[in-house]
Student: 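Below is the structure I would like to discuss, written out as structure tokens.
Positions are given from 1, in the same order as the sequence printed here. Note: hydrogens, waters and symmetry copies are ignored here, and every other heavy atom, side chains too, is used. In this text, all values refer to a predicted model and were calculated from it rather than measured experimentally.
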Amino acid sequence: MPTTVKVAAGDATDFATPALVVNLFEGVTQPGGATGAVDRALDGAISSLIADGEIKGKLGELTLVHTLGRIPSARVIVAGLGKAGDFDTGSVRRVSGDVARFLRRKGVIEYATIAHGAGIGGLDTGASAQAIAEGTLLGLYKFDTYRSNGSRDAEGEAGNGIDAVTIVERDAVNIDALASGATIGTTLAESTMLARDLVNHPANVMTPTRMAETARQVAEAVGLDLDVMDSDRMAQHGMGAFLGVAQGSEEPPKLIVLTYRGDPDNPDNNLGLVGKGITFDTGGISLKPAANMEAMKGDMAGGASVIAAMRAIGTLKPKINVTGLIAATENMPGGRAQRPGDVVTAMNGKTIEVINTDAEGRLVLADAMCYARSLGITRMVDVATLTGAMVVTLGKACTGMMGNSSELAKQVSKAGDGSGERFWELPMLEDYRDLIRSDVADMKNSGGRQAGSITAAMLLREFAEDADWVHLDIAGTSTASSAKGHLVKGATGVPTRTLAQLAMNLANGG
Ligand code: BES
Ligand code: MN
Ligand code: ZN
């Protein structure tokens, strides 16, 4: 059963619940607000633990206090919020995810929390509730579809655990903002979990056909138009770059197009979201080494985030037209596979020499971007697990961003400020274009070892042409190696929430 995040009016001190979550900034010795009220009701138990040095308020610190009947809640959790100066919605997401897993381990199935930071923390009330919903739901996320022993995870923990979390608020004027924040956060978290599921499913299940089926379910659920192009139609459009990658696989490729019309009278008010959907990347004839190749089931994470963001956008209904395009195929070394040295022609007539069949993402994206432009898209963001070099450059802390429009890059960064997903821009200097010069074609698909993430973006730029375009390389950020805050080990669903936020922001003028 999915966890629900509710809002209730009342005094936290009087709220009957198995566990009540309050908070503390680092360095505070006399807690105020709701935490102070609970402390007084517990005869100073919290402030004496602070005085003893057991509670410091550091971000990530959780202290369980048994109330022994002094208040209706059986337990109080004091969650450290870190230094007040570093506090933001990211801290709330972090605390909410950590608390949810902590209480699930204790066997708690329902608990209450105060709205972190909405008082002295200076956060917008709705933003606090949104971050609580996101942190809680995403932090509790589990993928146990393939376990035959019910829904037990590697630690033997059963089920999702938490049925409901209630945000308790004393001030009646805040209730509506908290409720709508919780609703938005729930939508964004559920969409992100869809992206995670798509990535976590193995590649024998999550084929291009299955991705298209998922897109159909999303389209029906939230009211989007769907077009799924097969290889014959792609050939009619001259998508030689995409089809060159697909030809080595027995699985039929799909170019999935989801359309949301939030401002039908203004076609110029548009946004294209283009996702790499390689459902398994063996490298093709330029075969990858065996070690860790299983991780390449996640090479469709960009496409997954686009389907998921379209679900969120279809639910939240911003006043903008958004088209999601997912280039879905396997990259396999079959008997019909393309060879190093092959030259392919993309939909816009530009030719590419395939130096390395493992640089396949840029090839499928090239045609998807051309097709987006043929649909009238003048502003687009592509999302791709594009280069191993990106993992080396930025690791897992932020997503690499490149593009031809500093304005759109700023807007993506700003959307990331709201979502807590972070982006760092790399330079698109003309000098890098030299690295993908080909002896026989307009460009080659690999620039060698130097600046591997930027040369990949340089190739994509040839297909954005005069559209405003930003490229997000999520090779590092699409998966997490351990649980922390709203992240759990495995797929992250990045940058689903940022893409949805971007559409919302653009609909409101930037
Ligand atoms: N899907 C990979 C990139 C990747 C690597 C994503 C590790 C996530 C983790 C991509 O298709 C690829 O193989 N890129 C090559 C490009 C090279 C051949 C120019 C790479 O990065 O090695
Ligand atoms: Mn590859
Ligand atoms: Zn790939």
Side-chain angles (χ1 to χ4, degrees), residues 3-15 17 19-26 28 31-38 57 59 73 76-100 111-139 164-192 312 315-318 414-421 485-486 497-498 500-501 504-505 507-508:
T3 312
T4 52
V5 178
K6 305 186 278 196
V7 178
D11 241 308
T13 318
D14 302 329
F15 201 78
T17 175
L20 171 68
V21 183
V22 297
N23 61 45
L24 190 76
F25 281 109
E26 193 172 337
V28 172
T35 307
V38 170
L59 187 63
S73 172
V76 163
I77 313 300
V78 184
L81 297 182
K83 294 194 177 69
D86 299 338
F87 181 76
D88 59 11
T89 54
S91 323
V92 179
R93 245 176 252 110
R94 165 77 193 277
V95 164
S96 302
D98 287 355
V99 162
Y111 61 92
T113 180
I114 62 171
H116 306 298
I120 42 170
L123 279 194
D124 173 72
T125 317
S128 172
Q130 182 181 332
I132 289 172
E134 291 173 357
T136 305
L137 299 179
L138 292 172
V165 177
T166 306
I167 303 172
V168 195
E169 168 65 29
R170 197 171 60 173
D171 201 341
V173 299
N174 289 331
I175 296 294
D176 285 352
L178 286 170
S180 71
T183 303
I184 293 172
T186 299
T187 293
L188 292 171
E190 284 174 352
S191 299
T192 304
T315 308
L316 298 170
K317 306 206 184 309
K414 189 179 157 209
D417 291 342
S419 71
E421 296 171 336
H486 71 292
R497 290 181 298 113
T498 300
Q501 188 64 56
M504 304 285 281
N505 291 354
N508 296 322

Student: Taking the side chain as everything from C-beta on, heavy atoms only, tell me whether Val95 gets closer than 4.5 Å to Asn23.
Tutor: no
Student: Rounded to the nearest 0.5 Å, how far does CG of Asp417 lie from OG1 of Thr89?
Tutor: 9.0 Å
Student: For Ala164, what residues pass the side-chain contact (heavy atoms from CB on, under 4.5 Å) criterion, not counting sequence neighbours?
Tutor: Thr4, Lys6
Student: Kindly determine whether Tyr111 and Val99 satisfy side chain to side chain contact (heavy atoms under 4.5 Å, CB included), including the steps that lead there.
Tutor: CA-CA 10 Å; Tyr111 61 92; Val99 162; 4.0 Å; yes
Student: Drop me the distance from Arg170's CZ to Asp14's CG, to the nearest 0.5 angstrom.
Tutor: 10.0 Å
Student: Is there a side chain to side chain donor-acceptor pair (under 3.5 Å) between Ser419 and Gln501? Walk through the geometry before answering.
Tutor: CA-CA 7 Å; Ser419 71; Gln501 188 64 56; over 6 Å; no
Student: For Val92 and Ser128, which heavy atoms make the closest approach, and how far apart are they?
Tutor: CG1-O, 3.8 Å
Student: Starting at CD1 of Ile77, measure out to CG of Asp98 and round the result to the nearest 0.5 Å.
Tutor: 12.5 Å
Student: Using the side chain to side chain contact (heavy atoms under 4.5 Å, CB included) rule, pick out the option among Thr113, Thr13, Val38 that qualifies with Leu20.
Tutor: Val38
Student: Which heavy-atom pair separates Ala415 from Asn505 by the least distance, and what is that distance?
Tutor: CA-ND2, 3.8 Å
Student: Taking the side chain as every heavy atom from C-beta outward, state whether Leu316 and Leu188 have any atom pair closer than 4.5 Å.
Tutor: yes
Student: Could I get the full list of salt bridge (Lys or Arg N to Asp or Glu O under 4.0 Å) partners for Glu190, not counting sequence neighbours?
Tutor: Arg311
Student: So which heavy atom on Ile114 is nearest to which on Ala12, and how close?
Tutor: CG2-CB, 4.0 Å
Student: Locate the shortest heavy-atom distance separating Thr136 from Ser96; write the atom from each residue and the value.
Tutor: OG1-CB, 3.6 Å
Student: Are Leu59 and Ser91 close enough that some pair of their side-chain heavy atoms sits under 4.5 Å apart?
Tutor: yes
Student: Going from OG1 on Thr125 to CG on Asn174, what distance comes out if it is rounded to the nearest 0.5 angstrom?
Tutor: 4.0 Å
Student: Tell me, do Val22 and Leu24 make a side-chain contact under 4.5 Å, heavy atoms counted?
Tutor: no
Student: Mind listing the closest non-hydrogen atom pair of Pro31 and Thr35 along with its distance?
Tutor: CB-CG2, 3.7 Å
Student: OG1/Thr186 to CD1/Ile132 distance, rounded to the nearest 0.5 angstrom?
Tutor: 11.0 Å
Student: Could you check if a side-chain atom of Leu138 sits within less than 4.5 angstrom of a side-chain atom of Thr192, using non-hydrogen atoms only?
Tutor: yes
Student: Taking the side chain as everything from C-beta on, heavy atoms only, tell me whether Thr166 gets closer than 4.5 Å to Phe15.
Tutor: yes
Student: Can you tell me how far the NE2 atom of His116 sits from the CG atom of Leu123, to the nearest 0.5 Å?
Tutor: 10.5 Å
Student: How far apart are the closest heavy atoms of Ala182 and Ala133, and which atoms are they?
Tutor: O-CB, 3.7 Å
Student: Who pairs with Lys317 by side-chain contact (heavy atoms from CB on, under 4.5 Å), at least two apart in sequence or on another chain?
Tutor: Tyr260
Student: Would a 4.5 Å heavy-atom cut-off, applied to side chains only, mark His486 and Glu134 as touching?
Tutor: no
